[in-house]
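Computed over heavy atoms, backbone and side chain alike; hydrogens, waters and symmetry mates excluded. None of these values were measured; they are calculated from a predicted model.
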Amino acid sequence: LRAFVLALALGSGSAEWAKKSRSSHDHKLWFTAGISHSEAATTALETKFWDVSNPKSSSYGKHLNADEVNALMAPPADHVNEVIAWIKSVAGDDAELVFNSAGDFVSCSLTVAQAELLLPGATYHAYEQNGHVVHRVEAGSFELPPHVDLVSPTTRFPAPLTVKTTGAGEEYRASKQQAKASDSTDDHPTLGSDPSTLRELYGVDTYEASGAEGNSQHVAGFLNNYMSQTDLQTFFSYYYPKGRGNVPTIVGPNNQNNPSIEGSLDIQYIMSMGAQVPTTYWYTAGTRPYDLGDNEPFLDWLWALGNTTDTEIPTVISVSYADEEYVIDRDFQARCDIEFQKLGVRGASMLFGSGDDGVTGDKGMCPDGTFVPWWPASSPFVTAVGATEEFDPLDGASFSGGGFSNFYGVQDYQADLVATYKKKNTVPSKYYNDSGAGFPDLSACGMGYWTYVGGTPTEVGGTSAATPTVAGMISLLNDARMADGKSSLGPLNQLIYSNPDAFTDITKGTNSGGGGCGYGGFSAEKGWDPVTGMGTPLFPELMEIAMALD
């Protein structure tokens with residue numbers, strides 16, 4: 001998965017994965033198989049997902065607990081038995097199999113030789129990128145057996161951190177810095193996007209959480225993106241003093257001595273926007289820290305989230321990673337969507353950055369000359385966050401990922417708004433899927449964020465800045481609801497689209513960043529648009545709406 005972040009005065013993104021030698025037959029893999037569900041179970045899950053997240057439904061907010069979800073999604077016994085027999089046919093009867101709590105994923109340690117026996121036609125090779133080596137097979141080289149939705153690791157690659165440079169808004173930011181410096185003796189940078197100005201911009205002001213039981217927020221970390229507790233406290237001291245002393249719970253092998261821009265940005269802004277909400281930084285290693293073998297970090301993360309108890313599951317999940325839809329294996333996508341729905345029906349809101357290349361893929365890629373949607377942002381089972389410019393909050397950012405999915409059709413809750421947009425849209429339909437679901441769903445400022453990384457203040461931006469900013473505000477709404485005995489908000493999209501007055505409509509800007517596939521990009525317009533979605537949050541209005549719901 002690709003991390004979305006823009007960093008000023010830093011280098012460009014890293015090189016592509018390079019195919020190297022044939023994998024050693026005794027190289028270990030942490031092999032995972034997704035066991036297929038019954039059609040009745042997946043239908044029931046999706047029905048429940050839309051029902052509990054529909055503000056007009058009497059079932060709104062009536063989430064399921066972990067046991068109920070696990071019972072609903074337990075695969076048929078014959079599916080489980082056949083998959084166990086399939087794995088043990090090469091691993092041996094004594095193989096130690098590990099199941100998730102729902103019993104629909106099973107893992108074990110296999111050698112490359114054993115995995116290739118399980119998947120006739122598959123040949124593992126080492127692939128290297130910037131010194132990081134993984135073992136994968138070529139797409140389309142094997143077929144899955146009956147009752148298996150997906151296997152991992154096979155064709156998925158951890159995508160690199162994408163770092164871009166930009167000079168947009170330098171003059172404006174310099175003037176703002178000078179104005180602020182006139183009444184300050186601090187030597188740290190003070191620009192347009194820090195917790196105080198963002199809180200003022202969206203109407204959060206000094207509001208903080210009361211500590212409602214069961215409310216928590218979660219930041220996902222991958223690909224060596226670590227956070228530093230020292231940097232967090234320094235950031236609080238300069239930019240949000242009320243946060244000093246607050247620390248997140250760390251899950252996974254976080255290396256505080258090697259913090260990254262992405263990890264620092266995410267944790268510092270979700271904790272200053274969602275102030276006083278218990279927070280977890282959950283790092284999933286790209287390869288396991290013990291001798292069980294290569295894994296797929298995103299799948300492992302979803303497995304771990306699905307295994308959380310009712311007291312552990314976060315109510316808000318902020319993720320600043322994605323890949324182009326065209327590189328996503330459809331089996332992988334479909335199974336991840338099921339995992340998103342499982343978390344949603346338990347009351348979790350999942351927010352993903354919509355991408356930082358406008359309508360193009362990474363490095364301006366446009367397969368067949370068409371615009372590139374990004375996933376998971378394009379999935380209707382998560383909420384996609386786009387970006388506006390820092391120096392003019394009413395302009396959609398040129399890099400804001402958005403468009404129309406090639407995987408998903410237009411959703412009922414957005415159909416009228418998407419149709420209205422298309423009446424004004426001037427982009428020829430040959431550049432996008434005219435019947436695809438639209439994204440992003442909403443947006444926030446995505447430029448001029450100051451974050452501390454390794455003790456140094458760094459100016460960054462991107463949809464990965466906008467995402468934890470929005471996520472923190474959702475956490476505050478949850479805190480108020482849960483303190484009043486109500487449920488968490490859970491999946492957000494139907495709530496967002498049914499309340500346009502709770503957002504500032506962004507009507508300027510185009511997302512031609514990345515080159516625009518030789519054409520340009522979509523334009524922001526009145527109402528929903530594929531640059532900024534429904535617009536930027538108006539926190540007081542959202543609070544009033546959230547508290548009026550049962």
Visitor: May I ask you to check if Arg335 and Phe105 form a cation-pi contact, with NZ or CZ under 6.0 angstrom from the six-membered ring centre and within 45° of the axis?
Guide: yes
Visitor: Strictly distance-based, threshold 3.5 Å: is any side-chain N or O of His79 a donor or acceptor partner for the main-chain N or O of Ser36?
Guide: yes
Visitor: May I ask you to decide if Gly527's main-chain N or O and Asp505's side chain share a donor-acceptor pair within less than 3.5 Å?
Guide: yes
Visitor: Which heavy atom of Ala397 sits nearest to which heavy atom of Val531, and what is that distance?
Guide: O-CG1, 4.1 Å
Visitor: Just checking, is any N or O donor in the side chain of Thr463 or Asp356 under 3.5 Å from an acceptor N or O on the other one?
Guide: yes
Visitor: Would you call the rings of Tyr519 and Phe371 parallel, tilted or perpendicular, where under 30° means parallel and over 60° means perpendicular?
Guide: tilted
Visitor: Before accepting this row, confirm whether a basic side-chain N of the pair Lys62/Asp51 lies closer than 4.0 Å to the acidic partner's carboxylate O.
Guide: no
Visitor: Less than 4.5 Å apart, any side-chain heavy atom of Thr279 and any of Ile270?
Guide: yes
Visitor: ring-ring contact (aromatic ring centres under 6.0 Å, His included) with Phe352: which of Tyr321, Phe340, Phe439?
Guide: Phe340
Visitor: Please round to the nearest 0.5 Å and tell me the distance separating atom NZ of Lys423 and atom CD of Glu525.
Guide: 13.5 Å
Visitor: Rounded at 0.5 Å granularity, tell me how far CD in Gln341 sits from CG in Leu72.
Guide: 10.5 Å
Visitor: Any heavy-atom pair between the side chains of Ser354 and Ser400 that's under 4.5 Å?
Guide: yes
Visitor: Hey, could you give me the OG1/CD1 distance between Thr536 and Ile506, rounded to the nearest 0.5 Å?
Guide: 4.0 Å
Visitor: With side chains defined as the heavy atoms from C-beta onward, is the minimum distance between Val385 and Leu442 less than 4.5 Å?
Guide: yes
Visitor: Are Tyr408 and Gln333 close enough, and set up right, to give a side chain to side chain contact (heavy atoms under 4.5 Å, CB included), and what steps lead you there?
Guide: CA-CA 11 Å; Tyr408 310 94; Gln333 165 252 323; 3.2 Å; yes
Visitor: Can you check whether Asp194's main-chain N or O pairs, donor with acceptor, with Thr197's side chain at less than 3.5 Å?
Guide: yes
Visitor: What distance separates Leu476 CG from Leu542 CG, expressed to the nearest 0.5 Å?
Guide: 11.0 Å
Visitor: Applying side chain to side chain contact (heavy atoms under 4.5 Å, CB included), run through Thr280 and Gln217 and close with a yes or a no.
Guide: CA-CA 6 Å; Thr280 297; Gln217 54 192 9; over 6 Å; no
Visitor: Is a side-chain N or O of Asn493 found less than 3.5 angstrom from the main chain of Pro380, in a donor-acceptor match?
Guide: yes
Visitor: Could you walk me through whether Leu477 and Ile474 pass the side chain to side chain contact (heavy atoms under 4.5 Å, CB included) check?
Guide: CA-CA 5 Å; Leu477 300 178; Ile474 300 302; 4.1 Å; yes
Visitor: Checking side chain to side chain donor-acceptor pair (under 3.5 Å) for the pair Asn425/Tyr432: CA distance, chi angles, key distance, verdict?
Guide: CA-CA 12 Å; Asn425 174 45; Tyr432 65 94; 3.0 Å; yes
Visitor: Establish, yes or no, whether the cationic atom of Arg199 lies under 6.0 Å from the six-membered ring centre of Tyr207 and within 45° of the ring axis.
Guide: no
Visitor: Could you give me the CA-CA distance, side-chain angles and deciding distance for Asp501 and Ile545, then say whether side chain to side chain contact (heavy atoms under 4.5 Å, CB included) is met?
Guide: CA-CA 10 Å; Asp501 292 340; Ile545 291 165; over 6 Å; no
Visitor: Please report the interatomic distance CH2(Trp282) to OG1(Thr284), rounded to the nearest 0.5 Å.
Guide: 7.5 Å
Visitor: Would you say Ser443's side chain and Thr532's backbone share a donor-acceptor pair under 3.5 angstrom?
Guide: yes
Visitor: In the structure I gave you, are the side-chain heavy atoms of Pro376 and Phe381 within less than 4.5 Å of one another anywhere?
Guide: no
Visitor: Determine yes or no for a side-chain-to-main-chain donor-acceptor pair under 3.5 angstrom, with Asn225 supplying the side chain and Phe222 the backbone.
Guide: yes
Visitor: Any donor and acceptor pair, going by atom type alone, linking the side chain of Thr370 with main-chain N or O of Pro367 inside 3.5 Å?
Guide: yes
Visitor: Take the angle between the ring planes of Tyr413 and Trp50 and call it parallel below 30°, perpendicular above 60°, tilted in between.
Guide: tilted
Visitor: Looking at Asn433 and Ser435, would you say the former's side chain and the latter's main chain have a donor-acceptor pair under 3.5 Å?
Guide: yes
Visitor: Parallel, tilted or perpendicular: which fits the ring planes of Trp375 and Phe332, with parallel below 30° and perpendicular above 60°?
Guide: perpendicular
Visitor: Over 60° means perpendicular and under 30° means parallel, so tell me whether Trp301 and His218 are parallel, tilted or perpendicular.
Guide: tilted
Visitor: Distance-only, no hydrogens or angles: does the Glu541 side chain make a donor-acceptor pair with backbone N or O of Phe503 under 3.5 Å?
Guide: no
Visitor: For residues Ser487 and Arg481, is any side-chain donor paired with an opposing acceptor at under 3.5 Å?
Guide: yes
Visitor: Any chance the side chains of Thr42 and His37 put a donor and an acceptor closer than 3.5 Å?
Guide: no
Visitor: Less than 6.0 angstrom from the centroid, inside 45 degrees of the normal: does Lys342 satisfy that with respect to the ring of Phe49?
Guide: no
Visitor: Does a side-chain N-to-carboxylate-O contact under 4.0 Å join Asp434 and Lys422?
Guide: yes
Visitor: So which atom in Ser523 and which in Thr510 form the shortest heavy-atom distance, rounded to 0.1 Å?
Guide: OG-CG2, 3.3 Å
Visitor: If you measure from CD1 on Ile317 to OG on Ser349, what distance do you get to the nearest 0.5 Å?
Guide: 8.5 Å
Visitor: Return the minimal non-hydrogen interatomic distance between Ala437 and Gly409, and the atom names on each side.
Guide: CB-O, 3.2 Å
Visitor: Can you check side chain to side chain donor-acceptor pair (under 3.5 Å) on Asn478 and Ser475, steps first, answer last?
Guide: CA-CA 5 Å; Asn478 279 338; Ser475 289; 5.4 Å; no
Visitor: Please check if the number of heavy atoms outside Asp412 that lie under 6.0 Å from its CG is greater than 12.
Guide: no
Visitor: Quick check on side-chain hydrogen bond (donor to acceptor under 3.5 Å, both in side chains): which of Asp67, Asn307, Thr308 does Ser101 satisfy it with?
Guide: Asn307
Visitor: Does the Trp374 side chain pair with the main chain of Thr360, one donor and one acceptor, at a distance under 3.5 Å?
Guide: yes
